[in-house]
Protein chains: 2
Amino acid sequence: MPAPPDSAAAAGRVRASQAGASRASIELSAVLISVDETTPRLLTVHHGREGLGLPSTHLDDRVDRTLQQGVRRLVGSETGLPVRYFEQLYTFGDRGRAPGGRELAVAYLALARYQPVHGPNEPSWLSCYELFPWEDWRSGRPALLDDVILPAIDEWLARSTLDELPTRRERAELTFGVGHALWDPVRVLDRYELAYELGIVGEAMAASSGDGGEGGAGRRARAAPVTGNPRAGDWRGIGMPLALDHRRIAAAALERLRGKLAYRPVVFEVLPETFTLSRLQQVVEALAGQVLHKQNFRRLVASANLVEPTGEWDQRTGGRPAELYRFRREVLRERPAPGLGLRRLGGP
Amino acid sequence: MPAPPDSAAAAGRVRASQAGASRASIELSAVLISVDETTPRLLTVHHGREGLGLPSTHLDDRVDRTLQQGVRRLVGSETGLPVRYFEQLYTFGDRGRAPGGRELAVAYLALARYQPVHGPNEPSWLSCYELFPWEDWRSGRPALLDDVILPAIDEWLARSTLDELPTRRERAELTFGVGHALWDPVRVLDRYELAYELGIVGEAMAASSGDGGEGGAGRRARAAPVTGNPRAGDWRGIGMPLALDHRRIAAAALERLRGKLAYRPVVFEVLPETFTLSRLQQVVEALAGQVLHKQNFRRLVASANLVEPTGEWDQRTGGRPAELYRFRREVLRERPAPGLGLRRLGGP
DNA sequence: TGGGCATATGCTCATTCAGAGTATAAGTCC
DNA sequence: GGACTTATACTCTGAATGAGCATATGCCCA
């Protein structure tokens with residue numbers, strides 16, 4: 001069925017378009033996520049004038065045999081923290097995402113247990129919900145939605161042409177659950193991107209406005225231009241900006257992580273060896289940005305055989321002591337997609 | 001909470017590791033998938049001496065504003081086919097994945113309706129199951145498993161040290177469902193990677209053998225070295241090799257696509273505007289490599305509100321005429337994760 | 001010492017959903 | 001007209017889900 005061999009002449013053309021090819025500089029970025037008492041946090045470092053941003057480095061061709069090794073080296077040199085999970089996230093390569101020529105950024109999602117950090121560039125744990133305040137629904141619907149975002153969406157719809165209107169309306173419904181549509185906790189990146197287009201996040205306000213965009217299917221990889229100069233507590237727009245397009249990358253990471261919660265046991269990578277079921281639920285709720293029904297959550301965890309009791313008890317609960325559990329790594333080979341099958345990450 | 005501004009001196013170090021930085025050449029690759037009558041197919045082109053491979057090109061910095069535009073241009077110039085879905089797949093950047101210096105490959109998954117192709121490099125639709133014969137369970141358990149793969153696994157386990165044994169056994173159970181573990185249709189890449197390590201796929205046989213590997217969590221991005229010279233029907237090992245590490249990339253694409261079936265309505269991008277429910281099922285089965293319970297499938301599709309009847313009927317069924325349906329794009333905004341909730345892609 | 005409070009844990013109940021089977025309708029082929 | 005093929009409708013059962021109530025076991029403080 002495949003065609004006969006050799007057609008070197010024709011095949012030459014595949015690589016012939018190298019005429020316009022150029023070598024790009026490769027940047028590695030890490031979104032290292034953990035969970036504090038009740039807050040999901042990501043690691044930031046200082047990027048000089050550009051303010052806070054993700055740990056980033058250029059791929060060192062002499063040292064790093066694989067991309068993941070490069071990220072490992074990066075996080076090691078910035079924090080020394082032991083990273084318990086790595087996953088390639090996305091490659092950002094739009095023109096204009098970084099100043100001075102094209103730069104490709106390969107971003108990784110990483111998970112670690114929470115602990116204080118020290119390092120050469122003042123690493124610190126930033127609350128994910130300082131970046132995306134509209135993503136935390138644990139104490140009810142965020143006020144920001146009705147105060148800022150929905151009005152901005154209305155305005156955006158109002159100033160659209162008749163052609164654009166249905167698409168825009170659909171997009172607003174999809175991402176922010178406008179109208180009778182549902183809020184999908186996973187669509188973090190979609191929401192950030194729309195907020196960016198609405199011009200209500202700091203990066204977009206500092207830079208040029210609307211863009212139009214391609215509108216095709218699939219994940220858009222449009223870049224946020226270089227941001228102004230986010231300093232502590234002193235920024236415009238909703239949520240705290242990061243250097244370059246790093247807030248976008250963080251949004252992609254949170255989206256990926258929330259999506260994974262349902263079908264892969266990744267939560268355990270931010271938890272200590274043993275933990276109570278309440279702590280487990282607390283961490284899941286922190287990451288999902290949603291409260292969960294307590295009894296059902298325990299039933300779920302139990303029936304999924306994700307954990308096993310250690311026989312030890314935590315007395316510091318303030319109430320009845322709670323049994324300590326540990327993650328059963330064996331489930332990985334027992335079921336195709338182990339995880340807290342939170343189908344719609346259903347709340348109470 | 002964030003530290004006070006400015007620490008330019010320290011921050012300099014973040015980017016100071018540029019000392020060893022190098023600019024890499026960026027290759028774009030597309031895994032364009034469609035479904036023939038009953039076979040999932042991906043588009044291959046001729047790569048000269050290296051045989052069949054994926055459509056690939058170097059990123060043209062002058063033309064392509066975004067990576068996705070580059071892929072669009074690539075598929076356009078190779079085939080002219082209208083692509084209905086794009087999604088970034090993975091970035092492969094291990095040293096040694098391509099001859100002659102480091103090359104980063106950014107791979108995209110693309111979907112199109114099936115139609116004959118023409119182009120400068122003899123594009124053709126290759127059956128996915130010619131690449132991965134062990135992935136097609138529609139007519140029962142593939143013989144290849146018991147004839148070749150399981151014996152190779154046994155041998156691999158037998159020659160492992162006592163340290164390696166539990167890890168290896170677990171991995172075998174996880175990927176190939178050895179023992180009483182279940183076969184997860186989604187783990188296409190894991191299976192290809194293990195088969196590669198077992199030395200039973202052509203690429204691994206032509207090149208050096210075992211490697212050891214890192215063994216950490218997360219997706220491994222190890223590269224398959226340059227392959228021998230896959231010619232039509234004339235290769236060693238199981239399944240047909242592709243040029244370079246392109247079969248690995250194809251495995252990643254099939255894995256992603258199978259995973260997406262359950263929670264995103266991507267099937268419809270390979271179907272024509274209208275279709276019968278049987279055709280829909282046939283396409284899903286082709287991609288999933290599994291047969292599905294017919295009555296339940298229809299109930300699923302109906303209850304998910306994914307399609308709506310057109311009122312027209314297809315008379316060419318050979319039996320009772322079937323009603324034609326069309327995809328309801330609106331579901332995208334009605335439910336968080338629309339798709340054929342094939343939880344375990346459950347069969348009959 | 002015992003009540004108030006907080007937390008953990010156990011159990012019930014109604015509803016929905018997934019898997020599997022049976023029955024019927026409406027065409028084609030010979 | 002009968003055999004065969006395909007489409008479609010309906011039933012049944014056990015499991016999973018969402019929500020609630022009840023009980024156990026600690027602490028704090030009067």
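Here is the naming used below: chain letters follow the sequence lines, and residue numbers restart at 1 for every chain.
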Note to self: Within the supplied structure, the quantity of interest is the number of heavy atoms (other residues, nucleotides, ligands) at a distance under 6.0 Å from B/Gln115 CD; does it exceed 12?
What the structure shows: yes
With sequence neighbours left out, the residues meeting ring-ring contact (aromatic ring centres under 6.0 Å, His included) with B/Tyr129 are none
Residues pairing under salt bridge (Lys or Arg N to Asp or Glu O under 4.0 Å) where one sits in residues 273-286 of chain B, two or more places apart or in two chains, turn out to be B/Arg113-B/Glu273
Rounded to whole Å, CD of B/Gln315 lies from P of C/dA26 at a distance of 13 Å
Sorted by chain and number, sequence neighbours left out, ring-ring contact (aromatic ring centres under 6.0 Å, His included) with B/Tyr325 holds for none
side-chain hydrogen bond (donor to acceptor under 3.5 Å, both in side chains) with B/Glu135: of B/Gln290, B/Arg191, B/Arg187, only one passes, and it is B/Arg191
Side chain to side chain donor-acceptor pair (under 3.5 Å) filter on B/Asp314, not counting sequence neighbours, yields B/Arg316
Taken to the nearest whole Å, CG/A/Leu292 to C1'/D/dT17 is 13 Å
- prompt: Is the A/Phe327 ring parallel, tilted or perpendicular to the A/Phe268 ring (thresholds 30°, 60°)?
  reply: parallel
One would report the end-axis bend of the helix from C/dT1-D/dA30 to C/dC30-D/dG1, five pairs per end and rounded to 10 degrees, as 0°
Heavy-atom closest pair (A/Glu255 atom, A/Val186 atom, distance to 0.1 Å) is CG-O, 3.1 Å
Letter by letter from the 5' end, nucleotides 5-12 of chain C scores (B base, S sugar-phosphate only, - none; protein heavy atoms under 4.0 Å) -BBBBBBB
B/Leu280 CG to D/dA7 C1', in whole Å, measures 14 Å
In whole angstroms, the gap separating P of D/dT6 from CZ of B/Phe275 amounts to 20 Å
To the nearest angstrom, the NE2-C1' distance between A/His293 and D/dC21 comes to 10 Å
Whole-Å distance, B/Gln282 CD to D/dT6 C1', equals 12 Å
